[in-house]
Amino acid sequence: MSTKTINNGQVWLVGAGPGDPELLTLKAMRVLHEADIVLYDSLISEDILAMLPKRCVRLHTGKRCGQHSMSQPDIHQALLSAARKYSRVVRLKGGDPFMFGRGGEELEFLRKHQIATHVIPGITAAAGCAASAQIPLTHRDFGNALIIHSGRSRLGEYEVSHNPTRVFYMGLRQAGQITGQLLMDGMADDTPVALIVNGTLANQAVYNTTLVALPQLADSCLQEHDGPGLIIVGEVTRFAQHADVDTMRHNTLESDQQAVA
Ligand code: SAH
């Protein structure tokens, strides 16, 4: 692949879903079958581990309810060593790798060490558990937004987030109202925003902008693209400046420069 860094292997951060092996994605299955080494968390079920190829090395990083068998810095170092030794390294995480579980920190670390990294989403616990229990997380009559919280803060206690990431589905045509409302709620003009059109498809386009510039970008996207769009508001969207060139196109509009500056 074109993103391979000389002398280093590549890492796939893979979401294993909530437990039922049938909820693994086809892409996750393919990457697992090609893996030289898999570093996995305690949430990974035995059924999923049983599906790994015999030849692949397994490393249990074992984090569960504060009983860490490896610290996060140890996990980072293990990922780095694995990438220097093997060509295809899988970091297998419960649910979705970017929904809590510190996938973002692992990505940051790997980028810092110029390790080509890919992310394969998984079904997060909220979606998996809700489906299993037949709870519609949104319903036109009962709830038009979903807030996902971590029960633990860095201090180990629950704390209401002051800078949650906000995701707007069906928001492109309403971008003016969304920006207006968020500004009225006290959000800063220059809050970073990402807009993703045709996500995960070959014609995916990812834009970075700011809250105040969002309506204009949304308008131009509506003219330029024919496909679904998702708006993500919050500091985490700064990560989107780096895209997986295997499957994505990363567009730079004038507003990118403003967002980065
Ligand atoms: N990345 C994971 C979440 C990691 S945090 C995801 O996207 O789902 C770990 C927490 O996720 C657990 O403490 C629990 O609250 C929740 N969780 C994960 N799998 C679950 C399951 N099968 N059933 C219920 N809760 C689950």
Side-chain angles (χ1 to χ4, degrees), residues 11-29 31-32 35 38-52 58-76 78-79 89-111 117-138 143 145-161 163-167 169 194 196 199-200 230 232 234-237 239-240 244:
V11 176
W12 280 258
L13 295 176
V14 178
D20 176 352
E22 286 195 304
L23 292 178
L24 271 175
T25 63
L26 291 176
K27 201 163 198 167
M29 283 292 281
V31 168
L32 284 172
V38 176
L39 296 89
Y40 63 95
D41 283 346
S42 290
L43 278 174
I44 306 304
S45 66
E46 287 298 328
D47 288 345
I48 289 176
L49 293 176
M51 289 157 60
L52 298 179
R58 294 143 195 241
L59 183 64
H60 183 205
T61 60
K63 280 166 136 243
R64 189 84 188 94
C65 291
Q67 298 164 350
H68 296 179
S69 53
M70 274 175 89
S71 67
Q72 194 63 35
D74 285 348
I75 293 172
H76 291 170
L79 280 169
V89 178
V90 169
R91 172 68 173 129
L92 189 61
K93 300 176 80 71
D96 180 87
F98 282 168
M99 197 61 84
F100 307 120
R102 305 179 76 169
E105 289 167 51
E106 291 171 15
L107 175 71
E108 228 177 336
F109 176 85
L110 292 164
R111 281 183 181 176
T117 306
H118 311 272
V119 184
I120 301 183
I123 294 180
T124 190
C129 296
S132 259
Q134 303 200 355
I135 298 168
L137 290 176
T138 68
L146 168 67
I147 300 175
I148 296 183
H149 285 283
S150 165
R152 295 173 61 197
S153 73
R154 290 202 141 184
L155 302 171
E157 292 150 7
Y158 173 71
E159 180 180 275
V160 175
S161 173
N163 60 344
T165 304
R166 289 178 167 78
V167 181
Y169 291 60
I196 301 165
T200 82
L230 193 84
I232 306 179
E235 291 296 323
V236 293
T237 59
F239 278 80
D244 186 337

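Each ligand, and each atom within it, is numbered from 1 in the order the structure gives.
- Only side-chain heavy atoms of Cys129 come within less than 4.0 Å of ligand 1; its backbone N, CA, C and O stay farther off.
- On a distance-only criterion, Met99 and ligand 1 share at least one N/O pair closer than 3.5 Å.
- Residue contacts with ligand 1 leave out Gly19, since none of its heavy atoms falls under 4.0 Å from the ligand.
- Close contacts between ligand 1 and Ala125 involve ligand atoms 6 (C), 7 (O), 8 (O), 16 (C), 17 (N), 18 (C), 19 (N), 20 (C), 26 (C) [criterion: under 4.0 Å to a heavy atom].
- Thr61 contributes atom OG1, which lies 8.5 Å from atom CD1 of Ile44 (distance to the nearest 0.5 angstrom).
- We find the CD1-CG distance between Ile48 and Leu24 to be 4.5 Å, quoted to the nearest 0.5 Å.
- Under the 3.5 Å distance criterion, the side-chain polar atoms of Asp20 are matched with a main-chain donor or acceptor of Glu22.
- Judged by distance alone, the side chain of Lys27 and the main-chain N or O of Ile120 form no donor-acceptor pair under 3.5 Å.
- With ligand atoms numbered from 1 in the order given, ligand 1 contributes 21 (C), 22 (N) to contacts under 4.0 Å with heavy atoms of Pro18.
- If you number the atoms of ligand 1 from 1 as listed, the ones under 4.0 Å from a heavy atom of Thr124 come out as 6 (C), 7 (O), 8 (O).
- In summary, the side chains of Arg91 and Thr117 do not present any donor paired with an acceptor at a separation below 3.5 Å, with no hydrogens or angles considered.
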